[in-house]
Amino acid sequence: MILAARVAILGALCAASACRPDPVRPEADADVDAAPPWEAAATPVPRPGMIWIPDGVLVAGTPPDRMPRVADEEMAGEQVVMRGFYIDLYPFPNEVGAIPTTSLSHDEAAAQCEDQGKRLCAELEWERACKGPASTTYEYGDTYKAGVCATGTRRTLVPNGVNSACESGFGVHDLHGGPWTWTASAWGRDGSRPNDVTLRGGNGPPGDLIGRCANARSVKANVRREDIGVRCCAGEP
């Protein structure tokens with residue numbers, strides 16, 4: 001049953017996350033020292049206010065031997081090969097010094113992105129942007145540091161960029177310590193909340209759990225809360 005549950009979680013998450021099968025093993029006469037295809041790919045044309053996250057491997061969730069983790073809500077350190085995508089540098093309105101926009105329903109958040117020629121991020125896209133190229137537990141590394149993103153509190157929202165060190169290895173800012181972020185992904189962990197949507201990021205106690213890149217919560221799509229906002233992505237989902 002444990003294996004079946006893990007397979008179900010993997011399927012649900014990958015449905016909206018641009019997962020692909022593991023790369024094909026090279027033939028015997030191939031150059032085994034050749035760079036992975038995502039390292040050789042050219043970086044797309046820059047988009048203002050966005051960062052390009054290249055093709056690569058995400059270690060999704062948290063391995064069973066690493067704590068803290070929430071076993072029934074995340075994958076067990078599965079390697080997921082993902083396509084490249086763009087993501088906003090900051091929460092909407094994606095400007096340094098601006099207070100993040102909140103109290104949007106899921107549909108309203110999606111419309112904000114669509115108005116800019118963008119889309120909501122899949123939850124594994126958000127997780128990859130947070131974990132960086134090394135798939136770290138937190139955006140700044142594997143050891144929890146409350147002060148970096150000011151996590152572990154239920155404080156009022158602060159302007160984008162106030163926590164200047166809260167930056168992932170890809171250069172994405174304020175993924176934690178501010179509002180929760182709507183994603184394009186259904187919850188999908190079990191059958192008890194079939195209509196819920198996945199949130200990522202956010203803030204609150206305990207900070208070492210909430211502040212992890214693998215952490216997620218679920219909520220009804222029509223909910224509007226002052227601690228739920230949006231960050232947009234672009235490119236092929």
Side-chain angles (χ1 to χ4, degrees), residues 1-19 57-82 87 91 105-106 109 120-132 134-144 146 149 151-154 168 172 174-223 225 227-231 233 237:
M1 292 183 66
I2 293 175
L3 178 59
R6 289 175 61 192
V7 171
I9 291 172
L10 176 61
L13 294 178
C14 285
S17 67
C19 301
V57 176
L58 166 69
V59 179
T62 306
D65 60 351
R66 184 180 299 172
M67 296 296 289
R69 72 182 300 265
V70 183
D72 58 349
E73 291 186 0
E74 60 191 81
M75 294 163 65
E78 310 289 349
Q79 292 195 13
V80 181
V81 180
M82 299 179 64
I87 189 168
S105 69
H106 186 259
L120 288 177
C121 304
E123 66 166 311
L124 289 189
E125 289 177 327
W126 190 99
E127 186 172 329
R128 174 155 164 77
C130 183
K131 286 184 170 179
S135 281
T136 54
T137 303
Y138 305 94
E139 45 263 75
Y140 46 80
D142 287 321
T143 302
Y144 177 61
C149 296
T151 47
T153 68
R154 289 193 175 94
S168 78
V172 186
D174 295 351
L175 288 156
H176 285 99
W180 293 88
T181 302
W182 286 113
T183 74
S185 303
W187 182 241
R189 271 61 169 178
D190 52 47
S192 63
R193 291 168 278 178
N195 299 318
D196 280 15
V197 178
T198 303
L199 301 176
R200 288 295 187 127
N203 204 352
D208 61 338
L209 184 64
I210 298 293
R212 295 177 311 126
C213 295
N215 188 61
R217 292 290 184 271
S218 73
V219 72
K220 299 296 182 187
N222 61 354
V223 164
R225 283 187 355 207
D227 64 340
I228 300 179
V230 60
R231 184 191 297 260
C233 284

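Owing to the predicted nature of the structure, the values given are computational and were not obtained by experimental measurement.
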K.L.:
Applying the salt bridge (Lys or Arg N to Asp or Glu O under 4.0 Å) criterion to Arg200, which one of Glu125, Glu139, Glu127, Glu74 satisfies it?
P.N.:
Glu127
K.L.:
Check Ile210 against Gly204 and note the closest heavy-atom contact, atom names and distance.
P.N.:
CG1-O, 3.3 Å
K.L.:
Shortest non-hydrogen contact from Pro68 to Leu209?
P.N.:
CB-CD1, 4.0 Å
K.L.:
Between Thr198 and Ala216, what is the shortest heavy-atom contact and its length?
P.N.:
CG2-CB, 4.0 Å
K.L.:
Okay, side chain of Lys131, backbone of Gly61: is any donor-acceptor separation there less than 3.5 Å?
P.N.:
yes
K.L.:
Decide yes or no for Ile87 and Cys233: does some side-chain heavy atom of the first lie under 4.5 Å from some side-chain heavy atom of the second?
P.N.:
yes
K.L.:
Check whether any side-chain heavy atom of Val219 lies under 4.5 Å from a side-chain heavy atom of His106, and answer yes or no.
P.N.:
no
K.L.:
Which atom pair, heavy atoms only, marks the closest approach of Ala221 to Ser105?
P.N.:
O-CB, 3.7 Å
K.L.:
Have Asn203 and Thr151 got a donor and an acceptor in their side chains that come within less than 3.5 Å?
P.N.:
no
K.L.:
Between CZ of Arg154 and CG of Asp227, what distance do you get to the nearest 0.5 Å?
P.N.:
9.5 Å
K.L.:
Donor-acceptor check, side chain of Tyr138 to backbone of Asp208, threshold 3.5 angstrom: yes or no?
P.N.:
yes
K.L.:
When rounded to the nearest 0.5 angstrom, what is the spacing between CG in Leu58 and CG in Leu124?
P.N.:
6.0 Å
K.L.:
Restricting to non-hydrogen atoms, name the atom on Ala60 and the atom on Val80 that form the minimum distance, rounded to 0.1 Å.
P.N.:
CB-CG2, 4.1 Å
K.L.:
In Å, rounded to the nearest 0.5 Å, how long is the span from OG of Ser185 to CH2 of Trp126?
P.N.:
12.5 Å
K.L.:
Roughly how far, to the nearest 0.5 Å, is CZ of Arg231 from CH2 of Trp180?
P.N.:
14.0 Å
K.L.:
Just wondering, do Trp187 and Val197 contact through their side chains at under 4.5 Å, heavy atoms?
P.N.:
no
K.L.:
Please report the closest heavy-atom contact between Arg189 and Ala186, naming both atoms and the distance.
P.N.:
NH1-O, 4.4 Å
K.L.:
Please round to the nearest 0.5 Å and tell me the distance separating atom CG of Asp196 and atom NZ of Lys220.
P.N.:
4.0 Å
K.L.:
Below 4.0 angstrom, N of the basic side chain to O of the carboxylate: do Arg212 and Glu73 qualify?
P.N.:
no
K.L.:
Hey, are the side chains of Met82 and Val57 touching, using non-hydrogen atoms and a 4.5 Å cut-off?
P.N.:
no
K.L.:
Going by heavy atoms in the side chains, are Cys130 and His176 under 4.5 Å from each other?
P.N.:
yes
K.L.:
Tell me, with the steps shown, if Asp142 and Thr137 meet side-chain hydrogen bond (donor to acceptor under 3.5 Å, both in side chains).
P.N.:
CA-CA 5 Å; Asp142 287 321; Thr137 303; 3.1 Å; yes
K.L.:
Measuring from atom OG1 of Thr181 to atom CG of Asp174, what distance do you get when rounded to the nearest 0.5 angstrom?
P.N.:
10.0 Å
